[in-house]
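A short write-up of the structure that comes next.
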Amino acid sequence: MDIDTASPPLLERILDDLASQGWSVQPLALPAGLTAELAAECRRRHAAGRLARASVGRGSGQLIDEAIRGDHIQWLGRGETPATDRYLDLLDELRVALNRELFLGLEDYECHFALYPPGSFYRRHLDRFRDDDRRTVTTVFYLNDDWQAQHGGALRIELPDGEERDVLPAAGTLVVFMSGDFPHEVLPASRERLSLTGWYRRRGSGPL
Ligand code: OGA
Ligand code: MN
């Protein structure tokens, strides 16, 4: 991503991590100003009643079950605000790099704002649907200033060796992982928890 000045650059660090271990956690991945604009936009949409209870499952099997997940979401489209378009542009740079370096054949990106009210959570799950394996790489970008461990709300990722990694949802942290390989959960928090969650998808293999 062209705004990054760290060495090695952000895209390279993400690609190296994905190639070697299948997941990557990058603090302060985007400029603080953009992160703040995205957080404000998420709050504005929530205040305007534009975020809806998230459902679980797919197609006609969708249902709202707060014992599984309690977040509120809104899918992002192009042309909504400069900040969301900038975000989608940056994430598209990552898509192109993933295809060029790791030959993943990612065709598109779907992404939503998510707001977890205090006390809500998302139980352990995989991001790949049983009947649809197009979701290939997951991204989560956090929007929460001054997040402390005692606020809870960690993303808990289960690694192949059974170890767990907890990631705090601190503003600017970007998490990327292979969607089919890492069961994960969102632990309950004592404060509101905002993020942008998305998936790079491949072309479908079977009839859908
Ligand atoms: C999801 C998810 C993780 C997070 O939306 O599928 O796992 O940390 N989100 O918000
Ligand atoms: Mn998930």
Side-chain angles (χ1 to χ4, degrees), residues 14 17-18 22-30 35 38-39 41-43 45-46 51-59 61-76 84 87-88 91 94 106 108-145 147-149 151-160 164-201:
I14 295 173
D17 284 348
L18 285 186
W23 59 279
S24 184
V25 176
Q26 300 295 336
L28 303 178
L30 302 187
T35 305
L38 292 167
E41 181 62 18
C42 183
R43 281 210 186 78
R45 291 178 185 210
H46 183 54
L51 272 58
R53 287 259 159 81
S55 54
V56 294
R58 203 180 146 256
Q62 280 191 18
L63 58 107
I64 289 170
D65 186 345
E66 286 177 23
I68 298 177
R69 70 184 289 191
D71 55 330
H72 294 59
I73 67 167
Q74 188 191 33
W75 292 96
L76 273 196
T84 49
Y87 184 75
L88 292 174
L91 275 275
L94 176 57
L106 307 172
D108 66 7
Y109 181 66
E110 53 177 5
C111 173
H112 63 58
F113 277 117
L115 182 148
Y116 287 77
S120 60
F121 50 81
Y122 194 158
R123 292 251 186 259
R124 185 178 182 278
H125 64 280
L126 272 177
D127 282 348
R128 189 168 267 194
F129 298 115
R130 263 186 290 276
D131 59 345
D132 178 353
D133 62 1
R134 287 176 298 171
R135 282 183 172 179
T136 304
V137 179
T138 301
T139 68
V140 195
F141 183 61
Y142 297 110
L143 305 174
N144 309 291
D145 282 329
W147 197 279
Q148 311 288 333
H151 297 141
L155 167 66
R156 177 164 289 169
I157 307 176
E158 198 176 303
L159 303 181
E164 289 172 341
R165 218 34 77 88
D166 281 1
V167 181
L168 293 185
T173 297
L174 176 67
V175 181
V176 185
F177 58 88
M178 300 306 294
S179 304
D181 296 345
F182 297 92
H184 56 280
E185 66 183 306
V186 176
L187 302 179
S190 58
R191 49 178 279 206
E192 209 166 71
R193 177 190 190 276
L194 312 181
S195 60
L196 273 163
T197 303
W199 297 271
Y200 295 107
R201 299 191 303 182

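Indexing begins at 1, ligand by ligand and atom by atom, following the structure's order. The first residue in the sequence is number 1, and the count goes up from there.
- For the pair R69 (side chain) and S55 (backbone), a donor-acceptor distance under 3.5 Å is present.
- Going from atom CG of D127 over to atom OG1 of T136 covers 11.0 Å, rounded to the nearest 0.5 Å.
- Scanning the protein heavy atoms around atom 3 (C) of ligand 1, the nearest turns out to be V186 CG2, 3.5 Å.
- Counting the atoms of ligand 1 from 1 in the order shown, those under 4.0 Å from a heavy atom of Y122 are 1 (C), 5 (O), 6 (O).
- Between Y122 and H125, the angle of the ring planes stays under 30°, which puts this pair in the parallel group of the 30/60° scheme.
- Panel note: side chain R156, backbone D166; no donor-acceptor pair is recorded below 3.5 Å.
- Aromatic ring orientation, Y109 versus Y200: tilted (interplanar angle from 30° to 60°).
- If you number the atoms of ligand 1 from 1 as listed, the ones under 4.0 Å from a heavy atom of V140 come out as 4 (C), 8 (O), 10 (O).
- Using a 4.0 Å cut-off between charged nitrogen and carboxylate oxygen, D108 and R201 count as a salt-bridge pair.
- Within the model, atoms CG of L88 and CG of L91 stand 7.0 Å from one another, a figure rounded to the nearest 0.5 Å.
- The atom of D127 nearest to the Mn ion (ligand 2) is OD1, with the search restricted to N, O or S atoms.
- For the pair E185 and ligand 1, no heavy-atom separation below 4.0 Å is found.
- Protein heavy atom at the shortest distance from atom 5 (O) of ligand 1 is T197 CG2, 3.6 Å.
- With hydrogens and angles ignored, the 3.5 Å screen pairs no side-chain donor or acceptor of T138 with any backbone N or O of W199.
- Looking at V167 against ligand 1, nothing comes within 4.0 Å, counting heavy atoms.
- The shortest N or O to N or O distance between R193 and ligand 1 is under 3.5 Å.
- Between atom 8 (O) of ligand 1 and the options Y142, F121, F182, the minimum heavy-atom separation is to Y142.
- At least one heavy atom of W199 sits under 4.0 Å from some atom of ligand 1.
- Counting heavy atoms closer than 4.0 Å to ligand 1, residue H184 contributes side-chain atoms (C-beta onward) but none from N, CA, C or O.
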